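Read the structure below first, then the notes.
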There are 2 protein chains.
Amino acid sequence: MPSPPPSVSARLLSVLEAFSPGGTRLTLSEIARRTGLPLTTAHRLVGELTAWGGLERDGAGRYQIGLRLWEIGALAPRGLGLRETAMPFLEDLYEATHQNVQLAVLDGHDAVFLERLSGREAVHVFTRVGGRLPAHATGVGLVLLAHAPHETQEAVLSLPLKRFTNRTIPSGAELRRALAEVRRQGFAISDGQIELIAVSVAAPVHDHDDAVVAAISVVVPSENGDAYALLPAVRAAARGISRALGSPSARRLPGPVHRETFSAPG
Amino acid sequence: MPSPPPSVSARLLSVLEAFSPGGTRLTLSEIARRTGLPLTTAHRLVGELTAWGGLERDGAGRYQIGLRLWEIGALAPRGLGLRETAMPFLEDLYEATHQNVQLAVLDGHDAVFLERLSGREAVHVFTRVGGRLPAHATGVGLVLLAHAPHETQEAVLSLPLKRFTNRTIPSGAELRRALAEVRRQGFAISDGQIELIAVSVAAPVHDHDDAVVAAISVVVPSENGDAYALLPAVRAAARGISRALGSPSARRLPGPVHRETFSAPG
DNA sequence: CAGAGATCTTCCGTTCACCGGAAGCCCTGG
DNA sequence: CCAGGGCTTCCGGTGAACGGAAGATCTCTG
């Protein structure tokens, strides 16, 4: 029995999927190969996308993602939306540390990086904006995973975990322990799990329902000594973003307020 | 004669077009209304987009642009690609001024903003990342337009120019003069053309072919006095970005270097 | 609490737009 | 000069897309 052919929409979207961080400029034939579409079909779809502005042709005739798609992507509430409110706080954090400052959300089993500020003197990390890394191996990922839906956690815990260095969390059991710790402490410190030379200090960002929707981190060289020294700054920034998002638990600063005022109905 | 019906692809893309800065979360019916598609058709297309991850549903069942599309958009060379190389220089500029720092490219007759850094104390401007403003009315726009293809310039010059304030360039004749001046000086100062209280200082960014592909600017309150004082910093940053992009005219700093060392092959 | 109105979802027969092989065009390199 | 790879145009058969109709939820409103 022949499986039902993919719909036109699915084919069109698969053309977009052909583009990746490692291949941002593709020839028509490359697109056809990557998507598995007949050349003629790819030609037609690519033509329509180009006419609309979703793809552009560079000087050499190759195709690249167009400004139109970038603009549409900029409307994603979980993308630029979040970034926009977080940005001032991230800038403060960057200015105070001059290290890598990152903002990420969870998608599937990965941490997707929405923003990365890094000065020239900061330790080199191989994340890029729009890129993704397995959640279990990054500071922000641990924070996000620790507050993810139960089924997501179980799914990650039951799968083999990719190792990057000998400090990457190796097993589900260890990961489970790490996540519990993150929940208890309210932050994560990830030491050398992606690259041995880098330590990440991460904290959660809450939205107006107090759900954890993002995480921020500062990444420093491990020889810099005490990563804990950065903790207050990271947590303060995370709290600031949460407040800007309307998180009830991040309202104002805790203080000697015992009487709350309600406006009684009627 | 009935006009040929729009292709499936065009319909799918029109669904994406339904989203705008003013409407990032839409119900199915709203999408159907905005696109002019029958409800059933919209339902099917939206369903496919959602299954793929291009759209997401929020708690209230409304649709929003999904992370998947944001990721794809992040691959646009003229979007995040440019931004990525420009970012360190923009940060320097921001840190030095603490005013609004902007990065923009030309699309059609508009300046599209790729990045905007703004502190809490900076003058409020109503640009946002991913947003656009008419080229003739903004500092970055004037710079971009001044170096745009001849036909683009003529097209803008022949159309009526939207006025924002009484200082907005009103006529094609004046615009032509302004563009010539921008080319001669190598920068643009736009005083109160969008909002009376803001002055913009803008400079061009060149790529490896020395074509002007972007522009940066700093926007300050007009009562801040001398906008010209910012000029060196803005031009230096623009030059830095150009050099990072491989612009030949921005190579190294001019200086008493007469001997260059090459490693001879073999 | 009924009933009007709005939005969303499923179902299904008809039709016409999509499909992709074939063929020709344009390069570049040998 | 031809070979090889990539791109574009053409066109007839067919099965996937289309959208009206009807039912399923919710939300107001009197």
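No hydrogens, no waters, no symmetry mates; every other heavy atom, side chains included, goes into these values. The structure displayed is predicted, hence computed values, not measured ones.
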Where the side chain of [X] is defined as all heavy atoms beyond and including C-beta, which of [options] is the nearest nucleotide?
X       : options                : result
A:Arg44 : C:dC18, D:dT8, C:dC8   : C:dC18
B:Leu28 : D:dC7, C:dC8, C:dC19   : C:dC8
A:Thr27 : C:dG20, D:dC7, D:dG19  : D:dC7
B:Arg11 : C:dC19, C:dG21, D:dG19 : D:dG19

query = Quick one: is D:dG19 close enough that its OP1 or OP2 comes under 4.0 Å of any side-chain N or O from B:Thr41?
reply =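 Checking B:Thr41 against D:dG19: at least one side-chain N or O falls below 4.0 Å of OP1 or OP2.
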key: Below 4.0 Å: OP1/OP2 of C:dG21 and any side-chain N or O of A:Thr40   =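 It does not, given that no N or O in the side chain of A:Thr40 lies less than 4.0 Å from OP1 or OP2 of C:dG21.
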inquiry  = Categorize B:Arg57 for me: base, sugar-phosphate, or nothing, with a 4.0 angstrom heavy-atom threshold over every strand shown.
reply    =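 Here B:Arg57 touches the backbone only, sparing every base.
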inquiry  = Need one value for A:Ser29: base, sugar-phosphate or nothing, where a base atom within 4.0 Å counts as base even if backbone is also close, heavy atoms only.
reply    =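 The answer is sugar-phosphate, as A:Ser29 gets under 4.0 Å only of primed atoms, P, OP1 or OP2.
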task = Assign each of A:Tyr63 and A:Ser9 to its nearest nucleotide of DNA chain D by heavy atoms, then name whichever residue's nucleotide is nearer the 5' end.
result =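 Result of the comparison: A:Tyr63.
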ask   = On DNA chain D, nearest-nucleotide positions of A:Leu39 versus A:Val8: which is more 5'?
value =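 Per heavy-atom nearest nucleotide, the more 5' residue is A:Leu39.
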Between atom [atom1] in [X] and atom [atom2] in [N], what is the gap in whole Å?
X       : N      : atom1 : atom2 : answer
A:Glu48 : C:dA17 : CD    : P     : 13 Å
A:Asp58 : D:dC7  : CG    : C1'   : 15 Å
A:Arg62 : C:dC27 : CZ    : C1'   : 16 Å
A:Leu45 : C:dC18 : CG    : C1'   : 10 Å

Any side-chain heavy atom of [X] within less than 4.5 Å of one from [Y]?
X       : Y       : value
B:Trp70 : A:Leu80 : yes
A:Arg68 : B:Glu17 : yes
A:Leu75 : B:Leu69 : no

ask   = Taking everything shown except A:Arg34 itself, do over 12 heavy atoms lie less than 6.0 Å from its CZ?
value =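 Yes, enclosed.
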message = On DNA chain C, compare the nucleotides closest to B:Arg33 and B:His43; which residue's is nearer the 5' end?
response =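 Counting from the 5' end, the first nearest nucleotide belongs to B:Arg33.
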query = Is the shortest distance from a Lys or Arg side-chain nitrogen in A:Glu30 or A:Arg25 to a carboxylate oxygen in the other one below 4.0 Å?
reply =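 Salt bridge between A:Glu30 and A:Arg25, a charged N being under 4.0 Å from a carboxylate O: no.
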